[in-house]
Amino acid sequence: QVQLVESGGGLVQAGGSLRLSCAASGRTSSNNYMGWFRQAPGKEREFLAGIYWSGIVTYYSDSVKGRFTMSRDSAKTTVYLQMNSLKPEDTAVYYCAAARASRTSPSDFGSWGQGTQVTVSS
């Protein structure tokens with residue numbers, strides 16, 4: 001099991017940027033894939049982006065493609081979500097999660113962080 005801790009959330013004006021971090025500890029070979037999700041009140045958890053620890057990004061959702069970028073550090077202990085051109089509809093709790101391999105459904109991810117709040121104001 002991987003322990004995940006998100007950070008970097010906060011309040012930002014529309015058009016601004018934030019970078020979220022997810023620190024992973026206790027990684028095993030069974031957790032090769034990381035995803036970023038978000039969930040706004042009353043909405044389903046949305047898969048935003050996914051990356052293998054090798055650095056290969058496999059997915060961006062249509063809602064964030066071209067604005068958000070997922071990456072990982074060279075030590076393969078932290079993944080990031082660079083968020084640019086933020087919109088009020090990006091307001092949500094953002095989570096990182098780990099899975100064995102490339103997944104798209106939240107139920108397929110076995111480890112989750114606590115989440116970090118991102119609020120985008122007009």
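Everything numeric in this text was worked out from a predicted model, so none of it was measured. For this chain, numbers begin at 1 and follow the sequence in order.
- Residues Val64 and Val57 are members of one and the same hydrophobic cluster, defined by side-chain heavy-atom contacts under 4.5 angstrom among Ile, Leu, Val, Met, Phe, Trp and Tyr.
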Exercise for review: Test side chain to side chain contact (heavy atoms under 4.5 Å, CB included) on Tyr95 and Leu4 and set out the steps.
Suggested key: CA-CA 9 Å; Tyr95 300 89; Leu4 306 172; over 6 Å; no
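- Under the side-chain hydrogen bond (donor to acceptor under 3.5 Å, both in side chains) criterion, the residue pairs touching residues 110-119 are Gln117-Thr119, with sequence neighbours excluded.
- Under the 3.5 Å distance criterion, with hydrogens and angles disregarded, no donor-acceptor pair is assigned to the side chains of Asp108 and Thr104.
- A salt bridge does not link Lys87 with Asp90: none of the charged nitrogens is closer than 4.0 Å to a carboxylate oxygen.
- Nearest heavy atom pair, residue Trp53 against residue Tyr33, reads CD1-N, 4.3 Å.
- For the atom pair OG1 (Thr78) and NZ (Lys76), the distance works out to 13.5 Å, reported to the nearest 0.5 Å.
- Proximity of Met34 to Tyr52: side-chain heavy atoms (C-beta onward) are nowhere separated by under 4.5 Å.
- Between Tyr60 and Phe68, the distance separating the two ring centers is not shorter than 6.0 angstrom.
- Taken to the nearest 0.5 Å, the SG atom of Cys22 stands 5.5 Å off from the CD atom of Glu6.
- When side chains are defined from C-beta on, Ile51 counts as touching Val79, because their heavy atoms get closer than 4.5 Å.
- Arg72 places a side-chain N or O within donor-acceptor distance of the main-chain N or O of Ser54, the cut-off being under 3.5 Å.
- Looking only at side-chain heavy atoms (C-beta outward), Met70 and Trp36 come within less than 4.5 Å of each other.
- Leu11 and Leu18 sit in two unconnected hydrophobic clusters of ILVMFWY residues. Membership requires side-chain heavy atoms under 4.5 Å apart, directly or through other members.
- Atom CD1 of Ile56 is separated from atom OG of Ser102 by 10.5 Å, given to the nearest 0.5 angstrom.
- For the pair Thr91 (side chain) and Val120 (backbone), a donor-acceptor distance under 3.5 Å is present.
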Practice item. Verify side chain to side chain contact (heavy atoms under 4.5 Å, CB included) between Thr69 and Tyr80, making sure each step is shown before the conclusion. Key: CA-CA 8 Å; Thr69 302; Tyr80 304 96; over 6 Å; no
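- Nearest heavy atoms, Ala40 versus Ala92: N-CB, 3.9 Å.
- For the pair Leu20 and Met83, the minimum side-chain heavy-atom distance is below 4.5 Å.
- By the 4.5 Å heavy-atom criterion applied to side chains, Arg103 and Phe109 are counted as neighbours.
- Heavy atoms only, all atoms of each residue included: Tyr94 and Leu48 are closest at CE2-CD1, 3.5 Å.
- Judged by distance alone, the side chain of Gln39 and the main-chain N or O of Glu44 form no donor-acceptor pair under 3.5 Å.
- In terms of heavy atoms, Val2 sits closest to Ala24 at CG1-CB, 3.8 Å.
- Dense packing is recorded around CD of Glu89, with more than 12 heavy atoms of other residues, nucleotides or ligands lying under 6.0 Å away.
- For Arg38 (side chain) and Glu46 (main-chain N/O), no donor-acceptor pair under 3.5 Å exists by modelled atom type.
- For the pair Gln82 and Ser17, the minimum side-chain heavy-atom distance is below 4.5 Å.
- In the hydrophobic cluster analysis, where Ile, Leu, Val, Met, Phe, Trp and Tyr join through side-chain heavy atoms closer than 4.5 angstrom, Leu81 is grouped apart from Tyr59.
- At least one cation-pi condition fails for Arg45 and Phe37: the charged atom is not both under 6.0 angstrom from the six-membered ring centre and inside a 45 degree cone around its axis.
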